[in-house]
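Data first, discussion second: the structure below is written as structure tokens.
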Amino acid sequence: MARVVIVSNRVPLPTERGARAGGLAVGIADALKDGGLWFGWSGGISRSARNPVRKVESGSVTYATIDLSQEDYDRFYVGYANSTLWPLLHFRLGLIDFKREDLEGYFSVNRTFAAALALELHPDDVVWIHDYHLIPLGAELRRLGVRNRLGFFLHVPFVPASLFAALPQGETLLRAFLAYDVVGLQTEEHRRDFLDAVKQVLGMEPDGDGLLVTADGTSRAIANPIGIDARGFAAMAAKAERSPETRRLLSSLVGRDLVIGVDRLDYSKGLPNRFTAFGKLLHDFPQHRQKVSYLQVAAKSREDVSEYQALRRELDRKAGNINGRYAEFDWVPLRYMTRPMTRTTLAGFYRAARVGLVTPLRDGMNLVAKEFIAAQDHNDPGVLILSRFAGAAEDLEEALIVNPYDPAEITEAIHQALIMPQDERQDRMARLRARVFTVTAESYCRNFLAALAA
Ligand code: ADP
Ligand code: F6P
């Protein structure tokens, strides 16, 4: 069997302590269940000009990483990836801060990755590259003579062609996708938009199966939604129900209902509107005052990007306003923390919650929604409130689907969730669970690797 090589900017090193927020690592670990290589950025900044590949073995998986220089980090990661591509692909043209030197830094880091990775590859390896940081990596590998099967998966949304047109030198980036044998997107909508951009910007005509014929071969675009290890997560949640952390949480609630939100502190997640919606719930539905607490775990993320710093200040202010207005000496309505939590603790907390709030303004998939569902007790489940603009909404119709741009709609959904009878909660959750237990991390990896082998 061919060795699988995973490449992603962020690598979940087995030596790393503690929790790190982010969906990618959760979904793709399964691809390496029979062993393989995981290659990417170490997360470190190096001052030396020599930048060796460092390797760590864990079971049958080798983790190989390189550092970035300070300049690469600034231009590639903070700059082009997270100040141009991230806002663009989340439909936020107004937040784009494009600089030509960042674009150069982005291509240069992709070249460095390609040069280091090419030396590690065996002729039969199947190479699966992930996410918006590494779009040109395939083309750079081809330029170095790599002939292996190359696949790429975009974890974030793709935008309609009219938005993509705003990207300076977008044509070069779009052409880079065609170096891959398979390009995976999270949903049918993202795949349609991708193929449409290819048509409009590159003037190419895909066939009905998303096959694009290029001068060097073919490239196929597929929709392949990412999932979680639902069984494993459900078992973890059932166990964590009795953990000291969950007990402490429950005893602090003294019988009140818990509303939970778990996100990276990112402007795509719609947190300010969520806070507004919760404040409005306490204003418009006073019967819930002192009866409900909202815990928002918003793990700090990309703190060197200025938009993220501004969001942090905005949320601090909003949380203060809500608590200042409604708190009682024995009740804090909004508990807001910016430290990440371990997966076990999260699992127990999801299970303890009556309402899961997942209201991104745009999201490739959103695995928190799937974790919340998998963690529920089917006898007395909670209710998921889900943004129609999360990729997960394509498949999770029995959630309370909201437009996250309208805080009043979120408020009404929280109210509806809090008063929802048990049989309706059970009915909705049973259907949602069926979906989350079918489209899993395992099916995601299996389908992609099968498409890549075909
Ligand atoms: P993204 O990849 O944009 O961060 P997802 O919802 O797809 O969004 O994935 C987020 C992943 O990170 C989930 O597995 C979730 O459990 C984890 N996560 C998010 N926020 C936190 C947090 N505050 N603490 C620990 N883990 C978190
Ligand atoms: O899908 C979004 C994503 O970029 C993932 O690739 C990653 O797991 C997560 O966000 C965390 O972001 P960062 O690597 O910038 O900390």
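Just so you know, ligand 1 is whichever comes first in the structure, and atom 1 is the first atom listed for that ligand.
For ligand 1, the polar-atom distance check against Arg339 finds no nitrogen or oxygen pair separated by under 3.5 Å. Of the N or O atoms in Asn82, none lie within a sub-3.5 Å distance of an N or O in ligand 2. Here's the thing with Ser301: none of its N/O atoms is less than 3.5 angstrom from an N/O atom of ligand 2. The distance criterion of under 3.5 Å between nitrogen or oxygen atoms is not met by Trp86 with respect to ligand 2. Between Trp86 and ligand 1, no N or O atom pair is found at a separation short of 3.5 Å. Where the criterion is an N or O separation shorter than 3.5 Å, residue side chain and backbone included, Val262 fails it with respect to ligand 1. Annotation: Arg302 places an N or O atom under 3.5 Å from an N or O atom of ligand 2; distance criterion only. Taking any N or O of Met341, backbone or side chain, at least one lies under 3.5 Å from an N or O belonging to ligand 1. For the pair Arg264 and ligand 1, the shortest N or O to N or O distance falls below 3.5 Å.
The distance between the ring centers of Phe153 and Tyr444 falls below 6.0 angstrom. Checked against a 6.0 Å centroid threshold, the rings of Tyr294 and Tyr336 do not count as neighbours.
Evaluation of the salt bridge (charged side-chain N to carboxylate O under 4.0 Å, His left out) rule for Arg335 yields no partner, not counting sequence neighbours.
Looking at atom 14 (O) of ligand 2, its nearest protein heavy atom turns out to be Arg10 NE, 3.0 Å.
Taking a 4.0 Å cut-off on heavy atoms, Arg343 registers as neighbouring ligand 1. No heavy atom of His130 sits closer than 4.0 Å to any atom of ligand 2. Heavy-atom separations between His155 and ligand 1 are all 4.0 Å or longer.
The aromatic rings of Trp128 and His130 sit tilted, their planes meeting at an angle between 30° and 60°.
Of all atoms in ligand 1, numbered sequentially from 1 with element shown, those under 4.0 Å from a heavy atom of Glu371 are 13 (C), 14 (O), 15 (C), 16 (O). Close approach of ligand 1 to Asn366 is summarised as follows: ligand atoms under 4.0 Å from at least one heavy atom of the residue are 6 (O), 7 (O).
Across Gln186, His90, Lys269, heavy-atom proximity to atom 3 (O) of ligand 1 is greatest for Lys269. Proximity annotation for atom 6 (O) of ligand 2: of Val11, Ile226, Leu154, Asp131, Asp131 comes nearest, heavy atoms only.
Only the side chain of Leu346 comes within 4.0 Å of ligand 1, judged by heavy-atom distances.
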